[in-house]
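Order of the sequence lines sets the chain letters (A, B, ...), proteins ahead of strands, with each chain counted from 1.
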Amino acid sequence: MKRQRKTTQSKNKEKKLESFFEQVYAVVRLIPRGKVTSYGAIGKYLGTSSSARMVGWAMNSSHHVKPKVPAHRVVNRTGLLTGKNHFATPTQMKELLEKEGVKVKKDHVIDFKKLFWDPMKELEL
DNA sequence: CGATTGACGTACG
DNA sequence: TCGTACGCCAATC
């Protein structure tokens with residue numbers, strides 16, 4: 001089941017003043033209330049240099065980041081609340097989204113396509 | 001310091 | 001249409 005990783009990661013890494021995480025936080029914080037976006041969209045807006053996984057890692061660290069990052073507004077490409085498992089409670093994400101007007105059914109966003117907030121389109125355009 | 005994991009996404013069968 | 005495979009890149013074991 002576990003995919004064999006044949007890629008031996010490099011031990012060398014560069015330290016950037018603007019961590020990829022900070023960029024993600026900035027975008028996520030710009031998400032309007034009642035809207036949602038995807039990890040890939042954020043990564044793409046940042047330049048596709050980073051894979052969607054990195055966005056997920058950023059969210060993981062967002063718990064101790066200030067100001068608070070609305071990670072509940074970030075879902076996967078299918079609109080599934082994949083990150084609900086990492087919240088205080090699996091229902092927290094759903095509760096927050098519904099409170100903002102986003103309908104959630106069985107951990108997936110209703111009309112996700114309609115509620116989708118594209119950073120490239122909203123910010124860059 | 002090498003190997004594995006991980007809140008994803010796209011490609012292929 | 002669904003399941004499996006691989007790539008990204010950083011963090012953790």
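Set against C/dC9, B/dG9, B/dA7, the side chain of A/R77 has B/dG9 as its closest nucleotide. Ranking B/dA7, B/dG9, C/dA10 by closeness to the A/F21 side chain, first place goes to C/dA10. Of the candidates C/dC9, B/dA7, B/dG9, C/dC9 carries the atom nearest the A/M54 side chain, counting heavy atoms from C-beta on. Which of B/dT5, B/dA7, B/dG9 sits closest to the side chain of A/A71 comes down to B/dA7.
Atom CH2 in A/W57 sits about 9 Å away from atom P in C/dA11, given to the nearest Å. The separation between A/H86 atom NE2 and C/dT12 atom P is 14 Å, rounded to whole Å. The separation between A/L46 atom CG and C/dA10 atom P is 13 Å, rounded to whole Å. A/Y45 has its OH atom 19 Å from the P atom of B/dG9, to the nearest Å. Between the CG atom of A/N76 and the P atom of B/dT10 there is a distance of 11 Å, given to the nearest Å. Taking atom CD of residue A/Q23 and atom C1' of nucleotide C/dC9, one finds them 14 Å apart after rounding to whole Å. Atom CG in A/L80 sits about 10 Å away from atom P in B/dG9, given to the nearest Å. C/dC9 atom P lies 10 Å from atom CZ of A/F20, rounded to whole Å.
Between the side chain of A/S38 and the backbone N or O of A/V75 there is no donor-acceptor pair closer than 3.5 Å. The backbone N or O of A/M59 sits nowhere less than 3.5 Å from a side-chain atom of A/Y25 that would complete a donor-acceptor pair.
With P as the reference atom, C/dC9 and B/dC1 are 22 Å apart, rounded to whole Å.
At a cut-off of 3.5 angstrom, the base of B/dA7 holds at least one donor-acceptor pair with the side chain of A/H63.
Base contact: A/N60 has a heavy atom under 4.0 Å from a base atom. Heavy atoms of A/S38 sit under 4.0 angstrom from primed sugar atoms or phosphate atoms, though from no base atom.
Residues A/I110 and A/H108 form a side-chain contact, since some pair of their non-hydrogen atoms from C-beta on lies under 4.5 Å apart.
Between A/D107 and A/K84 there is a salt bridge, since a side-chain N of the basic residue sits under 4.0 Å from a carboxylate O of the acidic one. A salt bridge does not link A/E95 to A/K99: none of the charged side-chain nitrogens sits closer than 4.0 Å to a carboxylate oxygen.
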